[in-house]
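These notes concern the structure reproduced below.
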Amino acid sequence: MKRYFFILLLFIFCAPAHAVLNIEITDGIEGSLPIAIVPFQWTGGVKLGDADVSSIVASDLARSGKFSPLPNKDLIAYPKEVEDIHFPSWKMTGVDHLVIGVVKQNGADDFQVQFRLFDVLKGEQLLGYSFAATRNSLRSVAHRISDYIIKNLTGLSGAFDARIAYVTARQTPGSAVSYLLQAADTDGFNPQNLLTSKEPIMSPSWSPDGKQLAYVSFERGMPEIFVHNIHTAKRELVSKFSGINGAPTWSPDGTRMALTLSKDGNPDIYILNLRDKSLKRITKHWSIDTEAVWMPDGQSLVFTSSRSGKPQLYRVAVDGDDRPQRLTFEGDYNANASVSGDGQTISFVNGEANAFRIAVLYLETGLVQILTEGPLDESPEFSPNGSMVLYASQYQGKPVLAAVSTDGRHKQRLVLSDGDVREPAWSTTRN
Amino acid sequence: MKNYLLILLMAITLAACDENVKPDTEGGDGSSSAGDTAQVGSVGADGSGSGQMLPASYDASAINDANSILAGRVVYFDFDSSNVGDDYVELIKHHGVYLASNPSVNIRLEGHTDERGTREYNVALADRRAQAVKRLLMFQGAASDQIAIISYGEEKPASLGHDESAWRLNRRAELVYQ
């Protein structure tokens with residue numbers, strides 16, 4: 001069964017925190033846990049439309065694919081305190097869990113947010129937290145509440161209080177394409193422009209601490225790799241060898257970077273030590289080797305190689321001389337891996353004839369599952385908790401970002417208000 | 001009979017005009033026209049292709065002649081392939097002779113792919129397309145330092161659109177004289 005509904009992220013309130021990406025949940029509500037999120041009571045000030053904490057929590061939970069929040073019209077009461085909750089009545093509505101909360105404004109830029117999560121069947125409180133917040137951090141606090149609730153009820157660590165980086169391309173008639181690197185909250189709010197260029201920008205990759213982005217920029221007439229601190233806007237040019245400087249990804253400890261260089265003749269994988277700038281060659285083959293990503297233990301890389309004639313995924317140890325081990329065997333085109341945080345699943349692009357789709361490979365069983373329909377899906381990226389894969393797709397001929405749950409049941413679309421959007425990168429933490 | 005001759009003449013003329021500046025019409029992968037760089041050994045012997053004999057040298061001004069084979073500046077490729085087709089081998093040979101006879105001239109080879117497949121893989125693929133053209137140029141005596149390479153992958157399509165008619169125009173290496 002398909003249901004379509006729009007999460008309320010439209011431009012109702014055009015305050016500074018407007019969204020550049022609108023998110024639509026397009027498929028798969030079934031099998032998710034019913035939960036009631038009572039609109040938080042605001043005291044000491046007027047409710048801020050663009051920081052409606054309980055609505056943000058509800059949309060995060062819906063987007064997780066694990067929950068279906070009860071629509072506000074179906075809420076049977078608006079309890080503010082524990083004493084106000086009549087659990088037997090909530091049981092009748094079919095929800096398993098209930099969230100209540102308060103946003104208290106103590107001063108112009110001084111807020112306090114409290115929330116409580118209850119098990120409706122047992123009539124017990126599962127969680128209760130209070131956060132200090134400023135005007136600008138209210139949305140972030142809401143995402144953190146979502147992460148707490150998801151962690152408590154599913155065991156999955158948080159993914160919503162984070163940032164997503166992506167590249168957009170805008171083609172204005174009669175002039176050249178303009179490329180823009182942006183970072184935004186996971187719901188598309190609080191966009192930050194990091195770099196504008198007339199030349200391509202590619203392959204953004206977050207540092208593990210969420211403070212820096214590595215990317216490829218052609219701004220000086222050739223592809224070069226920069227590391228960009230998103231707080232200070234300070235940039236460092238870290239790779240400018242002759243030929244390709246591409247596909248940067250950070251090691252899990254943040255001290256090294258895997259990248260693709262063609263300085264020695266062919267595209268091969270190298271590791272750049274970010275401290276002493278030393279370079280170590282990892283692959284040496286006449287074919288294409290590129291798109292290296294790290295396994296979570298930092299001991300090996302998964303990369304794309306055409307050494308068998310067609311692009312396939314391989315795994316190679318970072319230390320030692322072992323030959324790369326081939327991971328994918330079905331199909332003519334398997335490329336651009338992203339590894340889940342637990343190291344058990346790899347998402348990648350699977351190409352058959354003219355259809356390029358997002359697939360997952362379960363390393364333990366070798367099983368491959370196709371998650372999307374294509375025809376031009378690319379750039380898969382696991383959410384930090386591994387429950388979703390974010391990717392670039394096309395919708396009605398327009399490039400969009402999309403997300404799919406790893407079981408393929410739950411899908412959503414992130415539509416940019418104007419221009420192409422591509423190459424999403426999901427930070428593991430907000431910083 | 002006269003009509004036949006006329007049509008034949010037109011066909012030949014059209015074919016001559018089109019040569020080397022249009023992509024493979026068959027498109028897709030597995031095309032039979034995909035040559036291998038190893039075939040370069042049989043320089044100009046087959047006479048297929050350009051209709052212009054490969055000269056021993058070119059004047060510097062030849063590059064500005066719109067009627068010269070040197071006016072062809074784009075080499076097209078099959079999907080996921082960096083093999084240069086026979087027609088384009090012929091075109092590149094002429095550019096190689098031009099560069100060899102004009103050592104002060106520099107060229108930039110820009111590699112491109114269509115939008116299918118992954119972005120960084122396409123950068124690598126487009127680089128190999130430009131490298132394949134470079135090797136053919138050098139085989140004719142062009143010097144390595146006359147030739148710069150930049151690979152854009154799928155980032156700069158020549159034709160927007162999401163089907164083979166656009167894709168075949170985007171799988172290319174462009175020869176840009178500096």
Side-chain angles (χ1 to χ4, degrees), chain A residues 167 169 171 176-177 179 199-203 216 218 221-223 242-248 259-260 262 265-268 286-292 303-306 309-311 332-337 348-349 351 353-356 374-380 392 394 397 399 422-423, chain B residues 27-30 34 36-37 78-83 106 108-132 134-135 138 144-145 147-168 170-171 176 178:
Chain A
V167 176
Q171 178 113 49
V177 181
Y179 298 86
E199 294 296 328
I201 303 168
M202 290 179 67
S203 306
V216 176
F218 287 66
M222 62 216 101
S242 112
I244 295 173
N245 296 271
L259 36 75
T260 301
S262 64
N266 273 297
D268 275 305
W286 54 265
S287 71
I288 293 170
D289 291 339
T290 188
E291 300 174 337
F303 65 101
T304 308
S305 176
S306 65
K310 301 281 185 187
D332 282 347
Y333 203 113
N334 295 302
N336 199 8
F348 60 99
V349 175
N354 280 336
F356 290 80
L376 287 169
D377 297 340
E378 62 180 8
S379 306
Q394 305 252 346
R422 52 176 78 151
E423 298 202 90
Chain B
D29 49 32
D36 194 87
T37 49
D78 289 340
F79 176 68
D80 195 25
S81 167
S82 53
N83 290 332
N106 292 324
R108 186 173 74 244
L109 303 177
E110 300 182 353
H112 300 271
T113 68
D114 68 33
E115 64 181 343
R116 293 175 295 166
T118 65
R119 289 178 182 272
E120 284 283 1
Y121 183 82
N122 280 340
V123 167
L125 175 61
D127 183 73
R128 287 169 73 84
R129 288 176 175 167
Q131 298 285 358
K134 179 179 178 176
R135 277 194 298 275
M138 290 176 65
S144 180
D145 62 8
I147 306 164
I149 282 182
I150 181 164
S151 171
Y152 287 110
E154 65 182 272
E155 307 301 317
K156 292 197 167 184
S159 174
L160 303 171
H162 308 295
D163 55 26
E164 179 58 24
S165 66
W167 293 333
R168 70 196 177 97
N170 293 334
R171 296 188 296 265
V176 182
Q178 302 290 287

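Sequence lines set the chain letters: A, B, ... in the order given, protein chains first and strands last, and positions in each chain run from 1.
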Taking all non-hydrogen atoms of both residues, which atom of Tyr121(B) and which atom of Ser306(A) are closest, and how far apart?
OH-CB, 3.4 Å

Pick one of side chain, backbone, both or neither for Asp163(B), based on which atoms fall under 4.5 Å of a heavy atom in chain A.
neither

Side chain from CB out, backbone as N, CA, C, O: work out which of these in Ile149(B) comes under 4.5 Å of a heavy atom of chain A, or both, or neither.
neither

What pairs with Arg422(A) under salt bridge (Lys or Arg N to Asp or Glu O under 4.0 Å), at least two apart in sequence or on another chain?
Asp420(A), Glu155(B)

Nearest 0.5 angstrom please: Asp332(A) CG to Phe79(B) CZ, how far?
9.0 Å

Hey, which of Ile288(A), Val177(A), Thr290(A) has the most heavy atom pairs under 4.5 Å with chain B?
Ile288(A)

Flag the one option from Val349(A), Asp377(A), Thr304(A), Leu376(A) with the top tally of heavy-atom pairs under 4.5 Å to chain B.
Leu376(A)

Test Arg119(B) against Asn336(A) for side chain to side chain donor-acceptor pair (under 3.5 Å), laying out the working first.
CA-CA 9 Å; Arg119(B) 289 178 182 272; Asn336(A) 199 8; over 6 Å; no

Heavy-atom distances under 4.5 Å only: say whether Val216(A) touches chain B with side chain, backbone, both or neither.
side chain

Measuring heavy-atom distances to chain B, does Asp289(A) have an atom under 4.5 Å in its side chain, in its backbone, in both, or in neither?
neither

What I'd like to find out is whether the side chain of Tyr152(B) reaches to under 4.5 Å of the side chain of Glu199(A), using heavy atoms alone.
yes

Does the side chain of Val123(B) come within less than 4.5 Å of Pro267(A)'s, by heavy atoms?
no

Non-hydrogen atoms of chain A under 4.5 Å away: do they reach the side chain of Leu160(B), the backbone, both or neither?
side chain

Shortest non-hydrogen contact between Phe356(A) and Arg116(B), atoms and distance:
CE1-CB, 3.5 Å

Can you list the residues that meet the salt bridge (Lys or Arg N to Asp or Glu O under 4.0 Å) rule with Glu115(B), with sequence neighbours excluded?
none

Non-hydrogen atoms of Tyr333(A) and Gly117(B) that approach each other most closely:
OH-CA, 3.2 Å

Without hydrogens or angle criteria, can the side chains of Ser203(A) and Glu120(B) be said to hold a donor-acceptor pair below 3.5 Å?
yes

Does any heavy atom of chain B fall under 4.5 Å from the side chain of Phe348(A), the backbone, both, or neither of them?
neither

Where does Glu110(B) contact chain A at under 4.5 Å (heavy atoms): side chain, backbone, both or neither?
neither

Closest non-hydrogen contact found for Pro311(A) with Asp80(B) is CD-OD2, 3.3 Å

